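Note that this is a predicted model, so its numbers are computed, not measured.
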Amino acid sequence: MELRQNHTRIKVINIILALFTVILTDSRNSVSGRKVDHYKEYNFEYSSTSCRAHSATLTDFGGVGDGKTLNTKAFKDAICYLSQFESDGGSILFVPPGKWLTGSFNITSDHFTLFLHQDAVLLASQDENDWAVIKPLPSYGRGRDTEGGRYISLIFGTNLTDIVITGDNGTIDGQGQTWWDKFHKGELQYTRPYLIEILYSENIQISNLTLVNSPSWNIHPTYSSNVIVQGITITAPVTSPNTDGINPDSCTNVRIEDCFIVSGDDCVAIKSGWDEYGITFGMPTKQVFIKRLTCISPTSATIALGSEMSGGIEDVRAEDILAINTESGVRIKTAVGRGGYVKDIYVKGMILKTMKYVFWMTGNYGSHPDNNYDPNALPVIQNINYRDVAAENVTIAAHLEGIQGDPFTGICISNVTIEMAQKANKLPWNCTDISGISSDVTPQPCDLLPDQGEGYTSVCNFPTERIPIDEVEVQTCACKTKVLTRNVY
Ligand SMILES: *[C@@H]1O[C@H](CO)[C@@H](O)[C@H](O)[C@H]1NC(C)=O
Ligand SMILES: *[C@@H]1O[C@H](CO)[C@@H](O)[C@H](O)[C@H]1NC(C)=O
Ligand SMILES: *[C@@H]1O[C@H](CO)[C@@H](O)[C@H](O)[C@H]1NC(C)=O
Ligand SMILES: *[C@@H]1O[C@H](CO)[C@@H](O)[C@H](O)[C@H]1NC(C)=O
Ligand SMILES: *[C@@H]1O[C@H](CO)[C@@H](O)[C@H](O)[C@H]1NC(C)=O
Ligand SMILES: *[C@@H]1O[C@H](CO)[C@@H](O)[C@H](O)[C@H]1NC(C)=O
Ligand SMILES: *[C@@H]1O[C@H](CO)[C@@H](O)[C@H](O)[C@H]1NC(C)=O
């Protein structure tokens with residue numbers, strides 16, 4: 001067994017794709033009946049916010065990629081070993097081609113990268129014993145499926161700095177079917193696990209991976225800042241329960257771009273805690289930029305704000321959004337008892353095909369953690385801007401429902417063309433307890449959004465100054481590592 005500690009930090013010269021070169025070295029002449037060690041050398045490049053000085057591969061730690069052997073210990077040992085390089089240039093753990101069955105494992109090293117080869121599949125164990133049970137999040141007070149604890153996520157990390165989970169479009173398969181069945185049958189002892197959850201951390205990159213069949217949510221950055229989620233494909237059956245794509249929760253400075261999501265719940269859901277627990281915890285999600293998102297989610301939103309929003313949600317920007325056969329566009333979900341706020345939301349450029357709703361806001365979402373919520377904790381919803389939207393085959397143009405005595409204000413909708421479906425509702429716009437304006441919108445909006453006439457297209461703001469995470473450049477890194485394969489002749 002040999003560990004390659006590699007030190008590759010290269011200058012970027014217009015390299016476009018990560019190329020894997022597989023070189024067979026060290027393979028001695030085969031002699032009948034003898035074991036022969038082959039080293040496959042992997043040289044590859046990847047896009048990252050930070051490159052690493054040291055590397056190792058999972059097989060160096062006893063990993064077996066046969067789809068049957070449990071690799072939880074191999075991951076743990078590999079990451080433990082690599083943590084020695086935390087303050088010496090950081091490290092990358094390479095997962096080679098293969099099917100790597102594993103229970104949950106923790107990232108316990110700062111300045112760490114997990115890289116999945118394009119033919120590497122992490123298979124999540126379906127045995128509950130392979131998932132530790134951890135406390136509920138303080139801003140939620142309980143698990144979402146059950147009261148009390150929750151199964152830890154497949155890849156979990158807390159109190160970390162500079163973590164990259166990436167690959168050349170390698171796969172993480174949550175094998176969620178057994179969890180979905182237990183959820184439907186009410187047989188869950190604890191709340192279902194997520195695929196990736198990172199708490200109390202900064203400088204996180206999750207990129208160039210395919211995530212399939214998560215037991216529940218896919219990517220959950222929480223109480224963290226400076227988060228980039230890029231080039232992620234997420235798929236789950238559109239009937240699977242709560243398979244939300246990307247859920248930034250009480251996070252600051254988040255950039256989500258070039259993602260393709262098909263799921264049974266919201267493609268992206270921005271959150272910040274639940275009722276009295278979220279109000280007490282008091283940590284908002286702010287400065288979020290979502291670009292070039294494609295979503296298919298027939299019973300949920302392209303982007304949801306809430307329903308858990310008790311710590312507040314502010315300054316969210318969404319641009320170049322495509323949704324197909326999806327229930328709604330950018331949706332606000334809240335309720336009496338949530339407290340908090342959703343404000344300064346800017347949406348520009350949505351193409352929507354076959355939608356139940358284009359615009360949807362609800363102040364009566366309900367769904368409380370318990371009965372101890374404060375009925376006087378009213379959410380503040382204000383300054384919500386939508387512009388440049390083209391939608392077709394739409395059942396309801398807008399259902400905008402504020403809260404009686406607590407109207408949603410400052411709603412601005414401009415330059416929107418909605419082609420209604422043949423079987424559309426008779427009333428395309430239904431607005432209660434809201435106020436705002438509109439300009440250049442067809443069909444004609446409700447009276448609570450008075451038309452400002454043409455030429456007001458730019459009235460719905462979209463900020464020109466960038467948020468800090470938008471300035472972060474991704475560089476090209478190189479890695480060289482080798483994998484031992486032993487063949488018997
Ligand atoms: C990762 O995805 C980005 C686009 O999001 C692409 O530019 C880059 O080449 C990809 N990198 C790898 C290593 O596949
Ligand atoms: C991961 O960390 C949690 C606590 O944060 C712990 O309960 C669990 O046992 C750890 N998992 C492994 C595989 O060590
Ligand atoms: C992680 O950070 C949070 C917030 O700073 C702190 O409350 C918690 O104790 C830390 N946990 C660990 C395991 O260090
Ligand atoms: C990644 O793999 C998925 C699933 O095979 C595929 O749909 C997607 O197009 C791939 N993404 C890239 C950037 O190659
Ligand atoms: C109106 O929206 C469309 C996209 O639906 C866009 O192409 C066009 O430039 C917008 N017009 C103005 C004046 O911004
Ligand atoms: C329009 O939407 C309906 C469902 O509301 C769907 O059955 C139909 O195929 C869609 N038509 C087109 C042209 O996409
Ligand atoms: C309009 O919305 C209100 C509030 O949600 C609802 O009570 C009412 O039934 C809706 N009207 C129509 C015609 O859909």
Side-chain angles (χ1 to χ4, degrees), residues 67 99 101-104 121-128 130-131 140 142-146 150-156 165 169-197 206 209-222 229 232-249 256 259-271 293-304 306-308 322-329 331 333 353-357 360 365 367:
K99 288 195 161 72
L101 181 68
T102 183
S104 161
V121 181
L122 294 197
L123 283 178
S125 164
Q126 295 182 314
D127 181 346
E128 284 168 11
D130 294 326
W131 306 77
Y140 281 67
R142 51 165 289 174
R144 291 180 86 268
D145 294 334
T146 64
R150 51 196 199 109
Y151 293 108
I152 195 169
S153 59
L154 182 65
I155 302 177
F156 178 81
I165 302 172
N169 206 12
T171 300
I172 302 177
D173 183 347
Q175 306 207 89
Q177 188 68 53
T178 57
W179 297 97
W180 306 330
D181 292 345
K182 282 178 194 161
F183 171 78
H184 286 306
K185 290 183 194 153
E187 285 173 0
L188 284 170
Q189 216 178 335
Y190 302 102
T191 290
R192 283 168 291 160
Y194 305 147
L195 284 186
I196 301 174
E197 183 174 72
I206 301 170
L209 293 171
T210 293
L211 276 48
V212 301
N213 298 334
S214 176
S216 181
W217 298 355
N218 279 272
I219 298 178
H220 189 215
T222 309
V229 180
I232 296 283
T233 301
I234 295 177
T235 62
V238 292
T239 51
S240 56
N242 312 110
T243 46
D244 298 35
I246 303 161
N247 291 7
D249 203 336
I256 298 170
C259 291
F260 175 86
I261 303 174
V262 183
S263 89
D265 211 318
D266 302 324
C267 287
V268 172
I270 311 227
K271 296 177 182 283
L293 169 69
T294 301
C295 172
I296 299 176
S297 180
T299 58
S300 296
T302 311
I303 299 172
S307 82
E308 302 89 336
L322 170 63
I324 301 159
N325 191 17
T326 293
E327 190 176 32
S328 63
R331 180 182 181 197
K333 308 194 268 193
K353 296 174 191 284
T354 302
M355 306 290 288
K356 186 164 181 202
Y357 303 91
W360 195 10
Y365 195 77
S367 171

W131 and L154, any side-chain heavy atoms less than 4.5 Å apart: yes

Spacing of I261 atom CD1 and I219 atom CD1 [to the nearest 0.5 Å]: 7.5 Å

Donor-acceptor under 3.5 Å (T243 side chain, G264 main chain): yes

Minimum heavy-atom distance between A301 and G329, given as atom pair plus value: CB-O, 3.8 Å

Ring pair (Phe, Tyr, Trp, His ring centres under 6.0 Å) assessment of Y151 paired with W179: CA-CA 11 Å; Y151 293 108; W179 297 97; 5.2 Å; yes

Closest non-hydrogen atom pair, P193 against S153: CB-CA, 4.3 Å

T294 side, atom OG1; L322 side, atom CG - distance, nearest 0.5 Å: 4.5 Å

For T302, side chain to side chain contact (heavy atoms under 4.5 Å, CB included) partners two or more places apart: L293, C295, I321, A323, T326, M355

Any side-chain heavy-atom pair of N325 and V238 under 4.5 Å: no

Residues D266, K271: salt bridge by 4.0 Å N-O rule: no

Contacts of R331 that satisfy salt bridge (charged side-chain N to carboxylate O under 4.0 Å, His left out) - sequence neighbours left out: none

Note, W180 side chain near P237 side chain (heavy atom, < 4.5 Å): yes

Any donor-acceptor N or O pair under 3.5 Å, side chains T210, N169: yes

Pairwise salt bridge (Lys or Arg N to Asp or Glu O under 4.0 Å) hits with a residue in residues 175-195, at least two apart: E128-K182, D145-R192

Rounded distance (nearest 0.5 Å) linking atom OG of S263 with atom CG of L211: 12.0 Å

Q175 side chain vs A124 backbone, donor-acceptor pair below 3.5 Å: yes

Any donor-acceptor pair under 3.5 Å from T222 side chain to H220 backbone: yes

Any donor-acceptor pair under 3.5 Å from S125 side chain to D127 backbone: yes

D265 side chain reached by S240 side chain, heavy atoms, under 4.5 Å: no

Atom pair CG/CG of N218 and N242 - distance to nearest 0.5 Å: 11.5 Å

Pairwise distance CD1(I270) to CG(D249) - rounded to 0.5 angstrom: 10.0 Å

Candidate pair I234 and I246, rule side chain to side chain contact (heavy atoms under 4.5 Å, CB included), full reasoning: CA-CA 9 Å; I234 295 177; I246 303 161; 4.0 Å; yes

Value rounded to 0.5 Å, distance of CZ in R150 from CZ in R142: 13.0 Å

Audit row: Y194, N247, side chain to side chain contact (heavy atoms under 4.5 Å, CB included) steps and yes/no: CA-CA 11 Å; Y194 305 147; N247 291 7; over 6 Å; no

Side-chain touch P248/I256, heavy atoms, less than 4.5 angstrom: yes

